[in-house]
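Counting starts at 1 for both ligands and their atoms, in listed order. Starting from 1, each residue takes its place in the sequence as its number.
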Amino acid sequence: MIVLGIESSCDETAIGIVRDHHELLANVVHSQIDIQKAFGGVVPEIAARSHIEVILPVLAQALEQAQLTWDDIDAIATVEGPGLIGSILIGSLTARTLALLKNKPLYAVNHMVGHVYANFLTTYPDSIASPPPAAIPTFPMLAVMVSGNHSQLVFYKDHFSYQLLGQTQDDAIGEAFDKVAKIIGLPYPGGPSIAAAALHGNDRAYTFPKARMTQPYDFSFSGLKTAVLRRVQQICGKDYDFPSTQLAALLSESQRNDIAASFQRIAIETIVDKVVTAYREFNPSSVVVGGGVAANSELRRQLTERLPCPLEYAAPQLCTDNGAMIAAVGSYAAEYQKRADPYTLRVNPYRRQM
Ligand code: KG4
Ligand code: ZN
């Protein structure tokens with residue numbers, strides 16, 4: 001079975017094509033990073049307009065990359081949420097229209113489940129240089145979801161049978177990376193910029209707090225972000241009323257690198273502490289990591305050091321938003337779930353539901 005997956009929940013317009021659950025045939029991602037960079041983050045209205053402009057060319061490119069025609073496609077999968085409503089709507093309306101026009105079954109997929117299933121792709125096309133995971137993850141499976149919009153720990157008993165153990169109560173970890181980068185004057189997206197700066201910094205130079213939560217698997221990153229802001233104000237000798245956008249210019253390069261390294265260590269440790277606790281409690285047979293922050297090498301280093309099981313990762317371009325992961329879930333949805341009705345499918349942007 002060949003499934004075409006459409007992803008447009010944030011600022012990537014992406015289409016992937018997957019055969020028989022695991023074989024990735026095409027992965028085309030149009031990123032708006034260059035457009036959104038000018039604003040230091042994603043502007044929802046601009047994101048939605050850009051999706052409209054590029055979604056059909058991205059679709060044509062994906063079919064061409066896979067060397068397939070519509071006759072070869074057995075089903076379409078699309079994201080129902082979470083994400084930016086205007087953005088999700090473009091992908092969803094495209095998928096609904098195509099399902100009707102091409103007479104294909106349609107499946108609605110949760111974006112976060114998509115990040116998990118990027119780990120189920122074990123054969124890549126030549127366009128992806130990194131090696132794929134050697135084997136598919138086994139159940140029960142602990143999924144560590146770390147992206148720009150979400151931080152979640154999810155325990156999967158089987159396909160589509162999962163329990164949300166905990167999630168962020170405010171900012172997601174990727175969002176914290178992006179906001180801290182902005183405070184210290186590093187370019188968007190903040191995750192890769194902080195990771196690069198941290199390589200030259202001392203990760204013990206500054207002490208930052210880890211949030212204590214009532215529920216053991218919930219996260220909070222907004223306090224850490226504010227702690228970084230207060231520390232930068234202190235280093236620069238400025239008070240609360242000094243514009244935060246002007247602080248970065250007062251930092252030296254070594255101060256910036258030290259803040260990046262110290263923040264990154266604590267943010268990642270916060271995630272890894274909970275992963276280790278959940279691993280001990282639930283004794284999963286595999287652990288998978290998904291979302292843009294899965295590309296972070298400090299996260300990978302700490303997980304390898306502290307977890308007793310070996311970990312495999314999807315290629316970096318399959319950790320950030322992509323259509324391949326949606327097609328991968330779609331191929332299982334076609335087996336385990338009901339079809340969506342292309343006339344009535346709704347979207348659900350709300351992030352605290354799975
Ligand atoms: O999963 P994703 O592409 O989009 C969402 O669904 O949110 O994640 C994007 C996030 C951004 O916040 C970005 O800064 C972060 O992933 N990110 C990283 C790295 N690469 C991307 N964070 C830390 N280290 C990285 N190497
Ligand atoms: Zn995502």
Side-chain angles (χ1 to χ4, degrees), residues 5-14 16 27 29-33 36-37 40-42 44 47 79-84 87-88 91 109-119 130 143-152 154 167-168 171-184 186-199 201 203 219 221 224-225 260-261 263-272 288-303 313-326 328-329 349-351 354:
I6 301 181
E7 154 62 38
S8 69
S9 61
C10 190
D11 60 341
E12 263 97 21
T13 320
N27 182 48
V29 180
H30 177 271
S31 168
Q32 302 173 12
I33 281 183
Q36 307 289 356
K37 222 175 197 166
V42 179
V79 169
E80 60 180 341
L84 300 171
S87 290
I88 309 172
V109 165
N110 181 291
H111 175 85
M112 295 311 291
V113 178
H115 278 302
V116 176
Y117 277 73
N119 293 285
S130 330
V144 186
M145 299 291 97
V146 280
S147 76
N149 257 317
H150 328 271
S151 308
Q152 298 177 331
V154 190
Q167 62 185 333
T168 185
D171 292 356
I173 182 164
E175 199 174 344
F177 269 85
D178 293 336
K179 287 178 178 165
V180 165
K182 209 166 176 179
I183 295 169
I184 63 175
L186 294 172
Y188 176 84
S193 324
I194 291 214
L199 291 175
D203 66 4
F219 301 95
F221 288 101
L224 173 57
K225 173 194 67 189
F263 157 78
Q264 175 175 263
R265 181 175 66 81
I266 290 297
I268 297 294
E269 237 174 68
T270 306
I271 298 279
V272 177
V288 298
V289 190
V293 186
N296 185 276
S297 46
E298 175 64 12
L299 174 69
R300 294 181 176 200
R301 190 191 66 73
Q302 289 193 23
L303 283 174
Y313 295 90
Q317 59 268 59
L318 299 176
C319 288
T320 47
D321 290 349
N322 63 83
M325 66 187 198
I326 304 306
V329 186
Y350 196 47
R351 79 174 175 190
M354 266 194 85

Participant: With the Zn ion (ligand 2) as the reference point, give the N/O/S atom of His115 that is nearest.
Facilitator: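 Of all N, O or S atoms belonging to His115, NE2 is the one nearest the Zn ion (ligand 2).
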
Participant: Do Pro82 and Asn110 come close enough that some side-chain heavy atom pair is under 4.5 Å?
Facilitator: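 Pro82 vs Asn110: side chains touch.
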
Participant: Where does the angle between the aromatic ring planes of His111 and His115 fall among parallel (under 30°), tilted (30 to 60°) and perpendicular (over 60°)?
Facilitator: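 Plane angle over 60°, so perpendicular.
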
Participant: Does the residue Glu298 have a heavy-atom contact with ligand 1, meaning some pair of atoms that are separated by less than 4.0 Å?
Facilitator: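 Glu298 does not count as a contact of ligand 1 under the 4.0 Å cut-off.
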
Participant: Rounded at 0.5 Å granularity, tell me how far CG in Asp321 sits from CD1 in Ile326.
Facilitator: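 CD1 of Ile326 is found 8.0 Å from CG of Asp321.
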
Participant: Using the benzene-type ring in the case of Trp, are the ring centres of Phe263 and Phe177 under 6.0 Å apart?
Facilitator: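 Distance test on ring centres: under 6.0 Å, yes.
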
Participant: Can you report which non-hydrogen protein atom sits closest to atom 24 (N) of ligand 1, along with the distance?
Facilitator: Asn296 ND2, 2.9 Å

Participant: What do we get for Thr320 next to ligand 1 when only non-hydrogen atoms under 4.0 Å count, side chain, backbone, both or neither?
Facilitator: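 The part of Thr320 near ligand 1 is both the backbone and the side chain.
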
Participant: Using distance alone, determine whether Gly292 and ligand 1 share an N or O pair under 3.5 Å.
Facilitator: yes

Participant: Between the Zn ion (ligand 2) and His111, which N, O or S atom of the residue is the nearest one?
Facilitator: NE2

Participant: Any side-chain heavy-atom pair from Val146 and Val289 closer than 4.5 angstrom?
Facilitator: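 They are in contact (side-chain heavy atoms under 4.5 Å apart), so the answer is yes.
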
Participant: So Val29 and Gln317, do their side chains get closer than 4.5 Å, heavy atoms only?
Facilitator: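 No, every pair of side-chain atoms sits at 4.5 Å or beyond.
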
Participant: Can you find a non-hydrogen atom of Cys10 under 4.0 Å from ligand 1?
Facilitator: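 No, that is not the case, since the closest heavy atom of the residue is not under 4.0 Å from the ligand.
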
Participant: Using distance alone, decide if ligand 1 has a nitrogen or oxygen within less than 3.5 Å of any nitrogen or oxygen in Gly191.
Facilitator: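 Yes.
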
Participant: Indicate yes or no: at least one non-hydrogen side-chain atom of Met145 is less than 4.5 angstrom from one of Val116.
Facilitator: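 Of all side-chain heavy-atom pairs linking Val116 with Met145, at least one is under 4.5 Å.
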
Participant: Within the structure, is a non-hydrogen atom of His111 found at a distance of less than 4.0 Å from ligand 1?
Facilitator: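 Heavy atoms of His111 do come under 4.0 Å of ligand 1.
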
Participant: Roughly how far apart are Glu298 CD and Gln264 CD, rounded to 0.5 Å?
Facilitator: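 It comes to 5.5 Å.
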
Participant: Return the residue, atom name and 0.1 Å-rounded distance of the protein heavy atom closest to atom 15 (C) of ligand 1.
Facilitator: Val293 CG2, 3.9 Å

Participant: At less than 4.0 angstrom from any non-hydrogen atom of His115, what atoms of ligand 1 do you find?
Facilitator: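 Contacts of ligand 1 toward His115, numbered from 1: 1 (O), 6 (O).
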
Participant: Just to confirm my output: which protein heavy-atom neighbour is closest to atom 9 (C) of ligand 1, and how far is it?
Facilitator: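 Here the closest protein heavy atom is Gly148 N, 3.7 Å.
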
Participant: For ligand 1, which atoms sit closer than 4.0 Å to a heavy atom of Gly291?
Facilitator: 1 (O)

Participant: Do any N/O atoms on Glu12 end up under 3.5 angstrom from N/O atoms on ligand 1?
Facilitator: no

Participant: Give the atom numbers and elements of ligand 1 that come within less than 4.0 Å of a heavy atom of Gly174.
Facilitator: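 In order of number, 12 (O).
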
Participant: Between Ile271 and Phe221, is any pair of side-chain heavy atoms under 4.5 Å apart?
Facilitator: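 A side-chain contact under 4.5 Å exists here.
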
Participant: Of the listed options (Asp178, Ile268, Val29, Asn149), which comes nearest to atom 12 (O) of ligand 1 when hydrogens are ignored and any heavy atom counts?
Facilitator: Asp178

Participant: Rounded to the nearest 0.5 Å, what's the gap from OG on Ser9 to CD1 on Ile88? Could you check?
Facilitator: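 Ser9 OG to Ile88 CD1: 6.0 Å, rounded to 0.5 Å.
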
Participant: Find out whether Glu7 and Met325 are in side-chain contact, i.e. whether some heavy atom of one side chain is under 4.5 Å from a heavy atom of the other.
Facilitator: yes

Participant: Out of the N/O/S atoms in Asp321, what is the name of the one closest to the Zn ion (ligand 2)?
Facilitator: OD1

Participant: Should Phe177 be counted as touching ligand 1, given the test is an N or O pair under 3.5 Å?
Facilitator: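 Looking only at distances, the answer is no, because the N/O contact criterion of under 3.5 Å is not met.
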
Participant: Report yes if the side chains of Val272 and Leu299 come closer than 4.5 Å at any heavy-atom pair, otherwise no.
Facilitator: yes

Participant: Looking only at protein heavy atoms, which one is nearest to atom 3 (O) of ligand 1, and what is the separation?
Facilitator: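 It is Asp321 N, 3.1 Å.
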
